[in-house]
Asker: 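Dumping the structure here so I can ask a few things about it.
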Number of protein chains: 2
Amino acid sequence: MESEGQGRAESSSSSERRPRVRRNVTAAIAQDICADRYPSGSPLPRENDLCELYGVSRTVIRESLKVLESKGLVRGKPRVGTTVCDRDEWNILDAEVLNWMGPYIKDFDLLGCILEARRTIEPAAAEYAAERASAQEIADLDKAWRQMRDSAGEPESFTDADLMFHTVLLTASHNQVFRRLSSAIHAALKYALHASNIAVENREDAVLVHGQLVEALRMRDKTGARECANRMLDLAVRDLAAAEKVIGRTR
Amino acid sequence: MESEGQGRAESSSSSERRPRVRRNVTAAIAQDICADRYPSGSPLPRENDLCELYGVSRTVIRESLKVLESKGLVRGKPRVGTTVCDRDEWNILDAEVLNWMGPYIKDFDLLGCILEARRTIEPAAAEYAAERASAQEIADLDKAWRQMRDSAGEPESFTDADLMFHTVLLTASHNQVFRRLSSAIHAALKYALHASNIAVENREDAVLVHGQLVEALRMRDKTGARECANRMLDLAVRDLAAAEKVIGRTR
DNA sequence: CCGCGATGAAGATCACCAAACTCACCACCT
DNA sequence: AGGTGGTGAGTTTGGTGATCTTCATCGCGG
């Protein structure tokens with residue numbers, strides 16, 4: 001109607017083509033939920049209000065809510081409204097959810113759980129990878145490792161390489177469950193590693209162990225791979241603890 | 001033959017009396033995809049055609065497609081069409097997806113992967129459960145175990161109890177990732193156990209090991225719990241192999 | 001061979017209708 | 001007279017269909 005605000009003709013001209021209005025709206029609502037703007041257990045505004053709040057039509061809002069519902073973030077009951085689900089009903093194994101939560105993960109509890117899971121899963125994945133990884137995958141791991149080695153002093157690059165390393169490792173396990181888990185954990189890892197890299201300055205030991213793991217995979221040494229993964233995770237535990245201390249002190 | 005298959009009506013919540021047309025449509029499309037009616041990599045019919053195929057309006061179709069897209073089953077490109085994603089892009093860690101796939105899991109590869117993952121995860125979860133399980137959770141496990149013990153000859157009841165047992169076990173680990181995984185694996189397990197219970201007649205050993213696990217948890221015996229879980233999974237491996245042989249012969 | 005427009009399909013909005021849940025009000029019973 | 005219970009209006013989500021916009025694609029013509 002009158003107030004528009006819905007960039008109709010001008011906004012689509014040159015700057016950003018946005019065929020994805022809905023995607024942004026979904027993310028926006030999700031992030032508002034993650035940021036506790038809409039606290040757990042309480043109702044969301046009415047759909048019509050959400051339309052105005054986010055400046056889109058009700059159809060878009062509804063599609064977004066359906067997606068959010070399918071990921072367990074909210075539960076829409078027929079004529080009573082949409083309420084935010086409790087955090088442990090969220091599908092935290094979904095990459096998108098984790099991405100939305102990422103910046104707002106305040107409790108180290110979740111990061112701890114993920115680390116615990118990694119501690120369980122990655123050694124096994126490394127072992128499977130030792131017998132199943134393709135040459136290409138080993139090469140990718142090696143490439144990621146070299147990037148880690150060469151990017152001392154560049155936390156950005158280091159984190160990227162680290163992420164790549166773990167993603168490829170899980171993929172190389174050739175287990176569909178682990179593979180999927182990797183894409184989910186990727187998101188959480190991004191923030192955990194970021195925190196770690198802030199807190200920990202000395203990454204040489206991590207580089208060393210990662211390199212040994214690649215070597216073990218190359219040798220198809222299952223037990224060696226498992227041990228390397230274990231040592232890698234020992235370091236991760238240490239780093240998370242350090243990060244927790246730093247972050248905890250900061251706030 | 002062609003339609004329905006919808007009969008398995010949500011074992012989850014009790015008063016599930018939501019009219020929910022869209023939910024059914026989403027499931028219908030998803031199951032058609034899982035049944036390879038729309039093969040991987042090929043385009044879905046146009047949205048307007050889907051409207052007629054499933055007898056609903058375009059809005060409902062679109063909401064369904066958005067949900068499906070958010071779970072990685074399909075990928076909608078702006079003005080090109082919606083295509084079915086490759087199977088390994090599907091979010092198989094999503095309970096709904098697994099439920100849709102369930103009846104159509106034809107490759108024992110996925111079941112094998114899940115079993116592999118369980119072999120990795122459940123012993124660790126058992127160990128964590130040994131130190132963290134609440135009295136209530138142990139009681140629930142005990143209850144599930146007794147139901148297993150007492151339902152010899154009733155595969156239905158036995159499977160239910162078995163499912164309950166593993167779900168509670170994962171929950172009792174008090175690790176959010178495992179917990180979430182449990183609700184996902186639950187769906188797959190349902191079909192795997194069903195197959196196993198058909199193929200294997202003697203469940204006494206399974207009952208025995210499950211009982212020992214409960215006992216270990218009660219004693220807070222971490223290594224004992226881990227060992228029991230390992231033995232449990234040895235049986236599961238055996239059972240899946242047996243099931244594979246039987247099913248493989250059947251078709 | 002290149003560009004230009006026609007075509008077509010998805011993205012997005014709007015205006016409805018339908019169903020059912022809420023709540024307040026009012027009548028009826030104790 | 002006061003509490004209980006039914007009823008009806010209003011509200012809110014579920015669902016439909018028409019309409020407009022925006023581009024990707026393809027074929028035609030310069």
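Below, chains carry the letters A, B, ... as their sequence lines are ordered, and counting in each starts from 1.
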Asker: When you measure from the side-chain N and O atoms of B/Arg62 to the phosphate of C/dG11, is any distance below 4.0 Å, counting only OP1 and OP2?
Answerer: yes
Asker: Kindly assign one of parallel, tilted or perpendicular to the pair A/His210 and A/His166, based on the angle between their ring planes and the thresholds 30° and 60°.
Answerer: perpendicular
Asker: Which nucleotide in the set C/dA12, C/dA9, D/dT16 lies at the smallest distance from any side-chain heavy atom of B/Arg46?
Answerer: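 The answer is C/dA9, which lies nearest to the side chain.
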Asker: How long is the line joining NZ of B/Lys66 and C1' of C/dA12, in whole Å?
Answerer: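 It works out to 11 Å between those atoms.
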Asker: Flag the pair A/Arg75 and A/Glu69 as a salt bridge only when some basic side-chain nitrogen lies within less than 4.0 angstrom of an acidic carboxylate oxygen.
Answerer: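 No salt bridge links A/Arg75 with A/Glu69.
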Asker: What is the separation between atom CD on A/Glu63 and atom P on D/dG15, rounded to the nearest whole Å?
Answerer: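 Between P of D/dG15 and CD of A/Glu63: 13 Å.
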Asker: Of the nucleotides D/dG15, D/dA24, C/dG11, which has the atom closest to the B/Ser57 side chain?
Answerer: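 It is D/dG15.
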Asker: What integer distance in Å separates B/Asn48:CG from D/dA18:C1'?
Answerer: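 It works out to 12 Å between those atoms.
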Asker: Rounded to the nearest angstrom, tell me the gap between atom CG in B/Leu65 and atom C1' in C/dA9.
Answerer: 13 Å
Asker: Apply side-chain contact (heavy atoms from CB on, under 4.5 Å) to the pair B/Met101 and B/Ile92, showing each step before the final yes or no.
Answerer: CA-CA 9 Å; B/Met101 295 180 72; B/Ile92 57 169; 4.1 Å; yes
Asker: Taking only the side-chain nitrogens and oxygens of A/Lys77, find out if one of them lies under 4.0 Å from OP1 or OP2 of C/dA20.
Answerer: no
Asker: Determine whether a donor-acceptor pair (one donor, one acceptor, N or O, separation below 3.5 Å) exists between the side chain of B/Arg58 and the base of D/dG15.
Answerer: no
Asker: Got a salt bridge between B/Arg132 and A/Glu116, using NZ or NE/NH1/NH2 to carboxylate O under 4.0 Å?
Answerer: yes
Asker: Using whole Å, what does the distance between atom P of nucleotide D/dG14 and atom CG of A/Leu50 come to?
Answerer: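 In whole Å, D/dG14 P lies 12 Å from A/Leu50 CG.
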Asker: Run the salt bridge (charged side-chain N to carboxylate O under 4.0 Å, His left out) test on B/Asp150 and B/Arg146 for me, step by step, so that the C-alpha distance in whole Å, both residues' side-chain angles and the decisive distance to 0.1 Å come before the verdict.
Answerer: CA-CA 6 Å; B/Asp150 298 341; B/Arg146 277 202 303 267; 5.8 Å; no
Asker: When the distance from CD of B/Glu47 to P of D/dT19 is rounded to whole Å, what number comes out?
Answerer: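 Taking CD of B/Glu47 and P of D/dT19, I get 18 Å after rounding.
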Asker: Expressed as a whole number of angstroms, how long is the span from A/Asp49:CG to D/dT13:C1'?
Answerer: 13 Å
Asker: How many whole angstroms separate atom CD1 of A/Ile61 from atom C1' of D/dG15?
Answerer: 17 Å
Asker: Between D/dT16, C/dT22, D/dT12, which nucleotide has the shortest distance from any of its atoms to the side chain of B/Thr59?
Answerer: D/dT16
Asker: So which nucleotide from C/dG11, D/dT16, C/dT13 ends up closest to the side chain of A/Val56?
Answerer: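 Of all the options, the side chain of A/Val56 is nearest to C/dT13.
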